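This one's a predicted model, so the numbers in the text were calculated from it and none came from an experiment.
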Amino acid sequence: MTEVSASHLTTLCVLIFILKQLLGDFFLQTRWMASGKESKTDWLLPLAAHAAIHAALTLSICLIFAPHLAWLAIVDFIVHFVIDRAKAVTKISYGLTADRRAYWWLFGTDQTLHHLTHLAFAATIAASLGKTVS
């Protein structure tokens with residue numbers, strides 16, 4: 001069998017995690033989650049449901065590629081939860097709406113932090129697989 005480089009594995013995993021972010025933050029997020037997680041009150045359940053979707057998607061990726069790294073799903077739940085709540089608190093505190101430039105900076109920062117998290121996950125999975133793939 002042809003040897004697969006760690007960089008190829010990382011690239012594949014990054015692409016999969018980019019799709020995972022698209023699914024979790026846009027296609028599978030309901031209106032209840034999107035508006036509820038950014039409320040001043042009653043935000044816990046919608047945010048937890050949203051973070052759980054991301055955790056489930058990460059778990060699926062791990063179970064396919066590296067089952068021994070399934071614990072990354074718990075890390076994803078926590079990290080996604082914290083990033084999204086920090087975004088909501090900042091948005092609420094500064095009264096940011098889509099017509100303000102700072103809103104889009106915040107949105108971009110949120111997405112970038114999620115992608116950086118996924119890059120770390122992809123590198124972890126690829127490094128783990130790189131030890132066994134030849």
Subject >> Ile125 side chain near Phe17 side chain, heavy-atom distance below 4.5 Å >> reply: yes

Original post:
Are Leu119 and Leu19 co-members of a hydrophobic cluster defined by side-chain heavy atoms under 4.5 Å apart?
Top reply: no

Subject >> Interatomic distance, Leu57 atom CG to Ile16 atom CD1 [nearest 0.5 angstrom] >> reply: 12.0 Å

Original post:
To the nearest 0.5 Å, how far apart are NE2 in His50 and NZ in Lys37?
Top reply: 3.5 Å

**OP:** Decide yes or no for Asp84 and His114: does some side-chain heavy atom of the first lie under 4.5 Å from some side-chain heavy atom of the second?
**Re:** yes

Original post:
With under 30° as parallel and over 60° as perpendicular, where do the rings of Phe107 and Trp104 fit, or are they tilted in between?
Top reply: perpendicular

Original post:
Do you know which two heavy atoms are closest between Pro67 and Leu63, and how far apart they sit?
Top reply: CG-O, 3.5 Å

Original post:
If you look at every heavy atom in Ala86 and Thr90, which pair is closest and at what distance?
Top reply: O-OG1, 2.8 Å

Original post:
Is there a donor-acceptor contact under 3.5 Å from the side chain of Gln29 to the main chain of Asp25?
Top reply: yes

Subject >> Trp71 reachable from Ile64 in the ILVMFWY side-chain graph, under 4.5 Å edges >> reply: yes

**OP:** Step by step, work out the salt bridge (charged side-chain N to carboxylate O under 4.0 Å, His left out) result for Lys91 and Asp110.
**Re:** CA-CA 11 Å; Lys91 188 175 155 186; Asp110 167 81; over 6 Å; no

Original post:
If Ile, Leu, Val, Met, Phe, Trp and Tyr residues are connected whenever their side-chain heavy atoms lie under 4.5 Å apart, and connections chain through other members, are Leu15 and Phe26 in the same group?
Top reply: no

**OP:** Apply the test side chain to side chain contact (heavy atoms under 4.5 Å, CB included) to residues Ile53 and Phe27: give CA-CA distance (whole Å), side-chain angles for both, the deciding distance (0.1 Å), then the verdict.
**Re:** CA-CA 11 Å; Ile53 286 173; Phe27 297 157; over 6 Å; no

Subject >> pair Ile61-Phe121: side-chain heavy atoms closer than 4.5 Å >> reply: no

Subject >> Neighbour count above 12 (heavy atom, 6.0 Å) for Asp42 CG >> reply: no

Original post:
If you measure from NE2 on His68 to SG on Cys62, what distance do you get to the nearest 0.5 Å?
Top reply: 9.0 Å

Original post:
Has the side chain of Ser128 got a donor or acceptor atom that lies under 3.5 Å from a matching backbone atom of Thr124?
Top reply: no

Original post:
Ignoring hydrogens and geometry, is there a side-chain-to-backbone donor-acceptor pair from Arg85 to Leu47 under 3.5 Å?
Top reply: no

Original post:
Any chain of hydrophobic side-chain contacts (each under 4.5 Å) joining Leu96 to Trp43?
Top reply: no

Original post:
How long is the span from the OG1 atom in Thr58 to the CD1 atom in Ile74, to the nearest 0.5 Å?
Top reply: 11.5 Å

Original post:
Taking all non-hydrogen atoms of both residues, which atom of Leu12 and which atom of Phe65 are closest, and how far apart?
Top reply: CD2-CE2, 4.0 Å

Original post:
Do Leu69 and Val79 belong to the same hydrophobic cluster, where Ile, Leu, Val, Met, Phe, Trp and Tyr are linked whenever their side-chain heavy atoms lie under 4.5 Å apart, directly or via other members?
Top reply: yes

Original post:
Hey, what's the ring geometry for His80 with His54, parallel, tilted or perpendicular (30° and 60° as the breaks)?
Top reply: parallel

**OP:** Over all heavy atoms of both residues, which pair between Thr10 and Ala126 is shortest? Give the atoms and the distance, please.
**Re:** OG1-CB, 3.2 Å

**OP:** Take atom CH2 of Trp32 as the centre, draw a 6.0 Å sphere, and report whether it contains more than 12 heavy atoms from other residues, nucleotides or ligands.
**Re:** yes

Original post:
Any side-chain heavy atom of Ile18 within less than 4.5 Å of one from His115?
Top reply: yes

Subject >> From Ile83 atom CD1 to Thr112 atom OG1, the distance as rounded to the nearest 0.5 Å >> reply: 10.0 Å

Original post:
In Å and rounded to the nearest 0.5 Å, what is the CG to CZ distance from Leu106 to Arg100?
Top reply: 11.0 Å

Original post:
Does the side chain of Asp76 reach to within under 4.5 Å of the side chain of Leu72, using non-hydrogen atoms?
Top reply: no

Original post:
What are the two closest non-hydrogen atoms of Phe77 and Ala55, and how far apart are they?
Top reply: CB-CB, 3.9 Å

